[in-house]
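I have placed the structure first, in the form of structure tokens, so that the comments after it can refer back to it.
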Amino acid sequence: MEPILEVKNVVKQYGNYTALNSVSLQVPRGSIYGLLGPNGAGKTSLIRIINQITMPDSGEVYLDGEKLNPSHIANIGYMPEERGLYKTMKVGEQALYLAQLKGLTKKQAKDQLEYWFDRLEIKGWWDKKIQELSKGMAQKIQFVVTVLHQPKLLIFDEPFSGFDPVNANLIKDEILALRDKGTTIIFSTHRMESVEEMCDHIALIHKSNKLIEGELNDVKKQYRTNTFEVGILSGNNHQVTGELSQKYQVAPASFKTLDDELKLQITLPEGVTSRQLLSDLVQKGDVTYFVEKIPSVNDIFIQTVSKR
Amino acid sequence: MSLSLIVKREFVAKVRNKSFIVMTFLSPLLFTAMAMLVGYLASVNDDEVIKIAIHDESGMLEPDFKDTKKIEYVNLSEMPLAVAKEKAAKSYEGLIYVPKVATPLELEKKVEYISDESPSMDFIDGVQDVINDKLFRYNLEQKNINYDEIGKAKAESEIHLSKFSGEESLKWFNEIKIGIGFAFGYLIMMFIIIYGNMVMRSVIEEKTNRIIEIIISSVKPFKLMMGKIIGTSMAGILQFLIWTVLGSGLMLIAANFLGINLTEVGAGAQLKEASENISNWMIYIPEVLSLPWATMLISFLVFFIGGFFLYSSIYASIGAAVDSETDSQQFLLPIILPLMLGVYVGFFTVINDPHGTVATVFSMIPLTSPIVMMMRIPFGVPVWQIIVSVVLLFATFFLVVWFAAKIYRIGILMYGKKPTYKEIFKWLKY
């Protein structure tokens, strides 16, 4: 299927500083796409280009197969990291204004607002000013304002910062619901737990370059180390460790179990399968724990970033 | 579509603001109240009678000092000088001391005025006039010339001021025109500064609120900037229109109150005779009303819009460049300077010669033209000059807004440090 968003060789320079060095991305339709990278990697520059806030120096961006143009504004919803609303404007008026700027008619905007205010149980806030609301409450409004015009593509920059756990969950569920309805979502973040939990695709940008891109599982497979964590109940821990060390690379491990097992982290040498390891282990004692150590996004992130 | 939305929001935000409402409706009242207060205070001062003592040892001058509305003379010639001084110091404003002299001619340099308070120029002139008159008469008598005949021989001329078109003008009318022109010029300056600052504040607000990124992901920064400028200028125009309506309302009431028939406005010359019965200044009312008010009001709107657009696009780019209002000070000076220059140059040159070279040139230069031209218009400016000035003003606006928009576009996304002039100049090249 054609990707909803395609970024082709985008270059952006500020004076002598290169913010994006020929970055290309493909965001599949209906995915939750994690745009990762340390601070200053170029994520915000890229998002601003997708939002047509700034223009790329070279390269193109395609939305739905069409070269990005002003008519696409209505198809994109953007929640910047630095949240902001007019402090002295009433919640309702403000939301109507921002929705109309996105191309909705007043009637459409009102209907959508009523739907969302109902759904998030914030009906009573219509005539309140933002400065009268708490930070978390203002964030909810911010979310509503972002999704109000039913965009095909939603871009959230650090979506969960500032939310308490209850509201963060609420928003998470809303985002998943939107995805189920067919909306594509881009997360820009350096908080890896949320990526692990929600994203099915990721891209990693570091120092203006894209380093990794792909389906989350594929990326993880690339970074798999064939390392297993094992727990064995055996009489002689020392001897078992010694014997295993001859064949495998062994290191002590720690994980939670019920008994007092020997806990090891075992890396397979080239050409050895997990089945062989397991059959070796079974001969040493009762195997209570056998799990492949899957690299977390965090591991991949740190590994890639520090390698450079 | 989106531009009108922005204009509307900016306009509503400005007009709903409490300070706008207070400014619009309270300041004309305050202004009227102040004018009345000044008038009242002046009249209070008028009623006061100063008492001046006279000690005339010669006996020649005392009878010539006649009481006036403001001064009452008390003759203390009977008592010795020392006592008279003491008494005058206690209960009178001052003491005129005329020493004993052999001939009146000696009086020329010998009269003294003793007082702890410095007397007004008017008063001293008055006393000197009395002495001069006395000596003049004396000299005439010495030469056997009849004083009354001299008086009859004197002439009192009065020249009529008029234009080639045949219109008559009144003597003090020029000063009144300057006053009105100055008021308009000053008003334009105040409007530009007040509303320009509003534009700047609203840009800074959006920047510090961080809503800017959401908005410019929906509209182009240039549209946002123009919407802001147009919306704010509309609030300014509304305020001016309310003032005009209130002002003419007050004028109607005042005119009614004073019994002037406004339907006869314009026939100033005919009214002049009839108005001799009324107090002096009222003869100017019809003349003032016959000024080119329509031209003045329309020009005010046009020059306000032009001047405001020009200046507020600079204000907007300053607002975008800084993070807080305190940082804006160093950039504001270059804005205030031409405005002040306009007011001062306008005032000093227009008063001398409303159609002189300096006044004409400054009423063409776009940064000062809104102010200086408004000062010139009451004196009658050729239409072509107004048109040239307006065209120059708007042409400059389009040039300036192009630069301002570049600074604005970059500035609104820059946070953290206060930019220097050098950096802002660099933004122009991005």
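Chain identifiers are assigned alphabetically (A, B, ...) following the order of the sequence lines, protein sequences preceding nucleic acid strands; residue numbering begins at 1 within each chain.
- With A:Leu5 as reference, A:Val61 is the one residue of A:Val61, A:Ile155, A:Leu25 to meet the side chain to side chain contact (heavy atoms under 4.5 Å, CB included) rule.
- Judged by distance alone, the side chains of A:Tyr86 and A:Glu93 never bring a donor and an acceptor atom under 3.5 Å apart.
- Aromatic ring orientation, A:Phe156 versus A:Phe143: parallel (interplanar angle below 30°, classes split at 30° and 60°).
- Here the closest heavy-atom approach between residue B:Ile192 and residue B:Gly307 is recorded as CD1-C, 3.9 Å.
- Of the two parts of B:Ile212, neither the backbone nor the side chain holds a non-hydrogen atom closer than 4.5 Å to a non-hydrogen atom of chain A.
- Proximity to chain B (any heavy atom under 4.5 Å) is restricted, for A:Gln94, to the side chain, taken from C-beta onward.
- Contact detail for B:Lys207 and B:Val322: the closest heavy-atom pair is NZ-O, 3.1 Å.
- Interface remark: of the candidates B:Arg9, B:Lys220, B:Arg16, B:Arg9 forms the most heavy-atom pairs closer than 4.5 Å to chain A.
- Counting heavy-atom pairs closer than 4.5 Å to chain A, the top-ranked of the candidates B:Val219, B:Val12, B:Leu413 is B:Leu413.
- Each of A:Arg48, A:Met79, A:Gln52, A:Gln13 has some count of heavy-atom pairs under 4.5 Å with chain B, and the biggest count is that of A:Arg48.
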